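Numbers restart at 1 for each chain; the letters A, B, ... are given by sequence-line order, proteins then strands. Please read these numbers as outputs of a predicted model, since none were measured by experiment.
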Protein chains: 2
Amino acid sequence: MLKKPRNGNSAQHKYPHVGRTVSLASLSAHLGLSKASISRVLNGAPAARSIPQVTQDRILAAAQALNYRPNLLARSLRRGQSMTVGVLVPELSEGYATLVLAGLEETLSAAGYAMMLVTHHHQEAKLTDLHRIVMERAVDGIVAVDTSLPVIHSTPTVTISCPDPHDGVTNILLDHDRAAELALSHLYALGHRQIAIIKGQPFSSDTDIRWRSIQIAATRLGLSLHPKLVVQMKENLATDEPGFLAAQRLLATGIAFTAIFAFNDVSAIGAIRALQAARRQVPEHVSVVGFDDVTLAAYHRPALTTVRQPLRHMGALAAQSLLHSFTSGGNHEASHSVVVEPLFVLRNSTAQSPALSLQC
Amino acid sequence: MLKKPRNGNSAQHKYPHVGRTVSLASLSAHLGLSKASISRVLNGAPAARSIPQVTQDRILAAAQALNYRPNLLARSLRRGQSMTVGVLVPELSEGYATLVLAGLEETLSAAGYAMMLVTHHHQEAKLTDLHRIVMERAVDGIVAVDTSLPVIHSTPTVTISCPDPHDGVTNILLDHDRAAELALSHLYALGHRQIAIIKGQPFSSDTDIRWRSIQIAATRLGLSLHPKLVVQMKENLATDEPGFLAAQRLLATGIAFTAIFAFNDVSAIGAIRALQAARRQVPEHVSVVGFDDVTLAAYHRPALTTVRQPLRHMGALAAQSLLHSFTSGGNHEASHSVVVEPLFVLRNSTAQSPALSLQC
DNA sequence: GAAGTCTGTGCAAACGTTTGCCCACAGGAG
DNA sequence: CTCCTGTGGGCAAACGTTTGCACAGACTTC
């Protein structure tokens, strides 16, 4: 950011043209017109209609020639909107957040908005801190991804996969009931009856709702989930280690199971690693279903059978919703939910239950 | 962003406390002190020393009670610095950009800076456009990742993997000579003599320098690269398709080769897909070396032998360099380069040349 | 000829901070 | 008594825009 030298500053004539910000005032002096007229013309304000074309051309030419750039800080301050939205994200890891961001970015930048990005690593302290930072920067809106917000300010907000929806903020979320049903009924159809579940970490926003959906789907299928075959990941790591450890705990129970439904693709990969280390082949001995369908899933061997979450689309929807609330003047409708549908992706990490062939 | 209702607006007493921005003026009215004193105390300005402790406490308490938040737009406008850096990135895809961003974010946010993120998809028009947008937002600095900048403004800038370094901007880049040597000498030691090369797309900033380094390394090893076994990717896609197509072109030449050195991991994966489709096994028939060591590389089967680029670290270095140039007052030293070292990662996509065993 | 409507433009306030400078007063030194 | 040095704090300008209002002249309408 360039700063025009203070008046008393002698640097002014030492470097006559360096650091010279060209502002409306410069243009005004140069053209002999008022800042007001120039601003109006440059912004195509309605009041500029009464300014003759020749003058308008003169202004535009001068702006071009002097390479005038409006200072968006000043504009934002005056207009009361900054054309910027703050994006809160747990971390910049592979897959999840990245895809959502891509969807957000596309839609927002097409509408002329810029993104201010902050991460909080699921740490409560950082979260309130960063939320404050975003607020102070006077963003026009906030998108919180996979984050449970401590408190909602009056800034328009939309959340993605938020576990505890707040009043007046629209929440984009997956149809978890359908997702669980897709995964479990697939395993059921393959003859699996002893299915283990790897739950997400306590801090992950999808954990609870996904687990509820799994229970519902299991009940509908007449499938009983052995309590000891339901383990939860604890570690706050962006690697496959939590899944690896969870699967090890499953194996340590000594209870037989022929399939695992993992919380996400990365933990599914960790689980497969643990199974292979214990000499159980996937999918021959144990089937594994992942979640999300991040890029990794397709390239892993065995390629992961998984439930795709349309992350990019969810980002785009969030952006649209936010943009809509800008134009519609922030009508505080009650908490609104947008539900998106999952897609089942069949690959090679699932197969017929070995228990089934034994029965034959 | 909240806007205080205009004076003539009757909404003011309709909603007495909603939309009320608490500013220095509010505090001033509330405390009976001037905005100046309040500002000085709140900022711990040196001039605040002469203000008695009891008054200071009163001010701090009031700020707390009324939940005062400084408006960073106003502050930035006045101070001439926005505590924000703009980050230009080709796209938000898996791997490359994400890891760099993570490194940037960590260092910048620790120093109190926020990131403004924009993508340009390697499109020239968008690039100048977005560069302009970033400039207008009065960022204190710019980080351009894998981007060839059309023109440098006076804003402090640091580039990561920039092909054409500009004066006065420090460029963080990989030691490509070393990287090429690591990969090629590994293949050479395994007995490979007919090595095919998949070059990067023309728009990718590392393409040329990497290719030069490969030639140097090949010469040093006494290895001759068959011109027809050097193909270049063209497609602007974030998938493995460009690598797939490139490998198909290699196969179509009919010229024998026992190894491929790919431009990056994703294209290596695409190449492996093409080889397998043509009934050539990896690594038994053909060895493949990737580049970057994105997360994908470790999970792919066969796991990729690759050259790791310390992307996260490069991001952190860029941030540090930028922060340094802020404090040291932007001394325009000549174009400065920071070179980081690659790390060879041996996995399962490379093996002894089949030509070698034939010779035995 | 008076009244109204355009046309073309400028003044100045406002957005919320920060900061250079000034002032008033109290107390001590000379 | 005068001079000087803190102490405690306020005034107002400045950052660069945007915009409500005013205004002067020209032209039309009655």
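Straight-line distance from the CG atom of Leu27(B) to the C1' atom of dT17(C): 12 Å, rounded to whole Å. Protein atom CG of Leu31(B) is 15 Å distant from nucleotide atom C1' of dG8(D), rounded to whole Å. Put simply, NZ on Lys35(B) is 23 Å from P on dG8(D), counting in whole angstrom units. Distance, Tyr68(B) OH to dT18(C) C1': 10 Å, rounded to whole Å. Here the P atom of nucleotide dC11(C) and the CD1 atom of Ile38(A) are 12 Å apart, to the nearest Å. The interatomic distance linking Asn71(B) (CG) with dT17(D) (C1') rounds to 14 Å, in whole Å. As a whole-Å value, the separation of Leu73(A) CG from dT18(D) C1' is 15 Å. Separating the CZ atom of Arg79(A) from the C1' atom of dG16(C) is a distance of 18 Å, rounded to the nearest angstrom.
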Set out, in order, the CA-CA distance, both residues' side-chain angles and the distance that settles side chain to side chain contact (heavy atoms under 4.5 Å, CB included) for His313(A) and Leu317(A), then state yes or no. CA-CA 6 Å; His313(A) 186 224; Leu317(A) 283 177; 3.7 Å; yes
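Counting non-hydrogen atoms of neighbouring residues, nucleotides and ligands closer than 6.0 angstrom, the CD atom of Gln53(B) exceeds 12 such neighbours.
Side-chain atoms of Asn171(B) and Thr159(B) form a donor-acceptor pair, as typed in the model, at a separation below 3.5 Å.
Within the model, atoms OG of Ser109(B) and CD1 of Ile133(A) stand 8.0 Å from one another, a figure rounded to the nearest 0.5 Å. Here the straight-line distance linking atom OG1 of Thr84(B) with atom CZ of Arg137(B) works out to 10.5 Å at 0.5 Å rounding. Between the CG atom of Leu104(A) and the CD1 atom of Ile160(A) there is a distance of 5.0 Å, given to the nearest 0.5 Å.
Contact record, Ser26(A) with Ser23(A): OG-N, 2.8 Å, taken as the closest heavy-atom pair.
Both Ala74(B) and Ala36(B) lie close to DNA chain C; mapped to their nearest nucleotides by heavy-atom distance, the more 5′-ward contact belongs to Ala74(B).
A donor-acceptor contact under 3.5 Å is not formed by the side chain of Arg78(B) with the base of dT17(C).
Direction change of the helix axis from one end of the helix from dG1(C)-dC30(D) to dG30(C)-dC1(D) to the other is 60°, with five pairs defining each end axis (rounded to 10°).
The phosphate of dT9(C) (OP1 or OP2) has no side-chain N or O of Ser34(A) nearer than 4.0 angstrom. OP1 or OP2 of dT18(D) sits under 4.0 Å from a side-chain N or O of Arg75(A).
Note on Leu33(B): only backbone sugar-phosphate atoms sit closer than 4.0 angstrom, heavy atoms only; bases stay farther off.
Listed for the Ser82(A) side chain is a donor-acceptor partner under 3.5 Å among the backbone atoms of Ala138(A).
Taking the charged nitrogens against the carboxylate oxygens, Arg132(B) and Asp129(B) do have a contact shorter than 4.0 Å, which makes a salt bridge.
Residues from residues 39-56 of chain B with heavy atoms under 4.0 angstrom of DNA chain C, sorted by number: Ser39(B), Arg40(B), Asn43(B).
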